[in-house]
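Per chain, numbering begins at 1; letters A, B, ... match sequence-line order.
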Amino acid sequence: MPTFQTSPGTRDILPPDAARWRQFNAIFADTVEAAGYGCIIPPIFEDATVFHRIGEATDVVSKEMYDFEDKGGRHVSLRPEQTASVCRAFAQHRPTTPWKVWYTGPNFRYEKAQAGRYRQFDQVGIEALGVHDSDLDVEVIALAWKFYQRLGLSNVQLVINSLGDDGDRARYVDALRQYLQSHQDALTPEARQTLERNPLRVLDSKRQGDLDVIASAPTIKAFLSVEANEHFEKVLTGLRALAIPFTQNEYLVRGLDYYRRTSFEFVSTALESAQNAIGGGGRYDGLVQSLGGPDTPGIGFALGLDRTLLACDAEGVFGAPKSSVDVFVVDVIDGTHALAVTNNIQDAGYSADRAFDGRSMKAQMKSADRSGARFAIIIAQDEVASGSYTIRDMASAQQQLVAKSDLVEFLTRNLGKRTPRRSPS
RNA sequence: GUGGGCGUAGCUCAGUUGGUUAGAGCGCCAGGUUGUGGUCCUGGAGGUCGGGGGUUCGAGACCCCUCGUUCACCCCA
């Protein structure tokens, strides 16, 4: 028999971790829906050209795309992120603005995996289209911040910068390229290579040999238009008003070409690994138009599920929920009583599990213990004869005999009223 | 894509300069207790030592290849 395992960079999320993911998504949805964001579910793959708008020079597009030709000869790609898809959706459906949406789901990038970096990785995020107002920038950042707080994270740092408008950015890149080229000899070979492709990325270098040159490099600030500068200052003022701490970093450029003006990143200072950026985002005025839509401003962020959970682990917060069931039915006759009883309990809105394969009472009690059930319902000859159940409180080991017809009333009295998952007919 | 570390039971790991039948703890199953879990005691199941090739009388150990994983670079969430 051949043995199989997950492909590199992918993995199974098993219980109880998957429950933690669901909880994570639920808290996120709750946080952003409270601000008027609606859920959007774009396809997981689409025309590869859509994602090329992220920037031909970016690594994401040039070497990490999971693209292929489908049976109809279409060049499609698994999405490496969702922002481009959301903007494509906007261009396609032309909803009224402001259009505020949130999403969750897997993305794909062909990279070598390491801690906090997978080929299939999940992100949650929001995108807001059609608004220039700097207040929206503040709202977007504040929602991410609020979400981190709800998870219980406290060692998160907000790093922020402005990349200016298209023209500002172009003029700055020119100046930066000139500066770096004139200091080429002082740069590492890797940085010189990066310089060819994208001068902005050189600023991201953490190599010791590049730091001196970077330290005296021109910064974007001097190239910002009056409007972009004003916009940025208003964003910072808004953050201060909401008491959200931030660090300005004029070298924060981020890897995707479409960012304009506000650009930000959330870094976990609790993580030791190199992958300590747990979320990021910014404004991308112009992206919708590049996808064939009307000239529409946009801003959003994406938070990495895996990395954020790693940060939670590092801080010892937001652990996996303990799964448990209300009742565990122990049937030592033939198991068929348990079939009916669990069914009835479930119809009444409570959760119930049982053992199979006719195991011994001791073994079934052990399963009851492991299930985390508050009560064990024991059914043997005596109970059947008297038309009742023995109900054992697993924590106190107190037992009592309860008439069959009083079972739901007993559960309601001890566990509170529940809404039935479906009404018994 | 490049470089380093690591792959032994479901999990965490021992395993001497290469030497008989590969071990422990936890977990799992059963019994001790024919109507009772969590503690305790006893027993049991479970391993082609990641895979393939080589060196050797003999390889879990040494060499080569390969796959996986991990860390760093790169990049990013």
Trainee: Whole angstrom is fine here: how far is it from CZ in A/Phe356 over to P in B/C29?
Mentor: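 These atoms are roughly 15 Å apart.
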Trainee: To the nearest Å, how far apart are A/Glu111 CD and B/A77 C1'?
Mentor: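 Computing the A/Glu111:CD to B/A77:C1' distance gives 9 Å.
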Trainee: Tell me: CD1 of A/Ile54 to P of B/C75, nearest whole Å?
Mentor: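 Computing the A/Ile54:CD1 to B/C75:P distance gives 17 Å.
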Trainee: How would you label the contact of A/Glu64 with the nucleic acid (heavy atoms, under 4.0 Å): base, sugar-phosphate, or nothing?
Mentor: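 Touches sugar-phosphate only.
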Trainee: Tell me whether the OP1 or OP2 atom of B/A30 has a side-chain N or O from A/Arg359 closer than 4.0 Å.
Mentor: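 True: A/Arg359 side-chain N/O within range (under 4.0 Å) of B/A30 OP1/OP2.
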Trainee: Scan A/Gly125 against the nucleic acid and name what it touches under 4.0 Å (heavy atoms): base, sugar-phosphate only, or nothing.
Mentor: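 The answer is nothing, as A/Gly125 stays clear of every strand by at least 4.0 Å.
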Trainee: Tell me the interatomic distance from A/Lys362, atom NZ, to B/C28, atom C1', rounded to whole angstroms.
Mentor: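 It works out to 14 Å between those atoms.
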Trainee: Taking the P atom in each of B/C65 and B/G3, what is the distance between them to the nearest angstrom?
Mentor: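 B/C65 and B/G3 have their P atoms separated by 12 Å.
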Trainee: Does A/Asn107 use its side chain to pair, donor to acceptor, with the backbone of A/Asp122 at less than 3.5 Å?
Mentor: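 Not at all, since once roles are kept as given, no pair shorter than 3.5 Å links the two residues.
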Trainee: Expressed as a whole number of Å, how far does the P atom of B/A22 sit from that of B/G47?
Mentor: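 Result for the P pair: 13 Å, nearest Å.
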Trainee: Considering every strand and a 4.0 Å limit on heavy-atom distances, what is the contact class for A/Thr390: base, sugar-phosphate, or nothing?
Mentor: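 Base: the residue A/Thr390, judged by heavy atoms under 4.0 Å, touches a nucleobase.
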Trainee: Is there a donor and acceptor pair, one atom on the side chain of A/Gln399 and one on the base of B/U36, closer than 3.5 Å?
Mentor: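 Such a pair is found, so the answer is yes.
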Trainee: Does A/Gln114 put a side-chain nitrogen or oxygen below 4.0 Å from OP1 or OP2 of B/A72?
Mentor: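 Looking at the OP1 and OP2 atoms of B/A72, one of them is under 4.0 Å from a side-chain N or O of A/Gln114.
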Trainee: At under 4.0 Å between heavy atoms, what does A/Asp122 touch on the DNA or RNA strands: base, sugar-phosphate, or nothing?
Mentor: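 Result for A/Asp122 = nothing.
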Trainee: Between P on B/G10 and CG on A/Leu14, what's the gap in Å once rounded to a whole number?
Mentor: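 Those two atoms, CG and P, are 15 Å apart.
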Trainee: Write down the distance between CG (A/Asn107) and C1' (B/C75), rounded to a whole number of angstrom.
Mentor: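 It works out to 15 Å between those atoms.
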Trainee: Testing the basics here: between A/Arg359 and A/Phe356, what is the closest heavy-atom pair and its distance to 0.1 Å?
Mentor: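 Nearest pair, atom of A/Arg359 first, then A/Phe356: CG-O, 3.2 Å.
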Trainee: Using a heavy-atom cut-off of under 4.0 Å over every strand shown, decide if A/Ala376 touches base, sugar-phosphate, or nothing.
Mentor: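 It contacts nothing in the nucleic acid.
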Trainee: Taking CD1 from A/Ile278 and P from B/C76, how many angstroms apart are they, rounded to a whole number?
Mentor: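 Going from CD1 in A/Ile278 over to P in B/C76 covers 17 Å.
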Trainee: Under 4.0 Å, counting only non-hydrogen atoms across every strand here, what does A/Ala395 touch: a base, just sugar-phosphate, or nothing?
Mentor: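 Answer is base: heavy atoms of A/Ala395 come under 4.0 Å of a base.
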Trainee: Does A/Arg109 get its side chain close enough to the base of B/C76, under 3.5 Å, for a donor-acceptor pair?
Mentor: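 For A/Arg109, whose side chain was compared with the base of B/C76, there is no donor-acceptor pair (under 3.5 Å).
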Trainee: Categorize A/Arg370 for me: base, sugar-phosphate, or nothing, with a 4.0 angstrom heavy-atom threshold over every strand shown.
Mentor: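 The residue A/Arg370 makes sugar-phosphate contact but no base contact.
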Trainee: Rounded to the Å, how far apart are A/Met365 CE and B/A30 P?
Mentor: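 These atoms are roughly 14 Å apart.
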Trainee: Under 4.0 Å, heavy atoms only, any strand: does A/Gly372 hit a base, just the sugar-phosphate, or nothing?
Mentor: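 Counting heavy atoms under 4.0 Å across all strands, no contact is made by A/Gly372.
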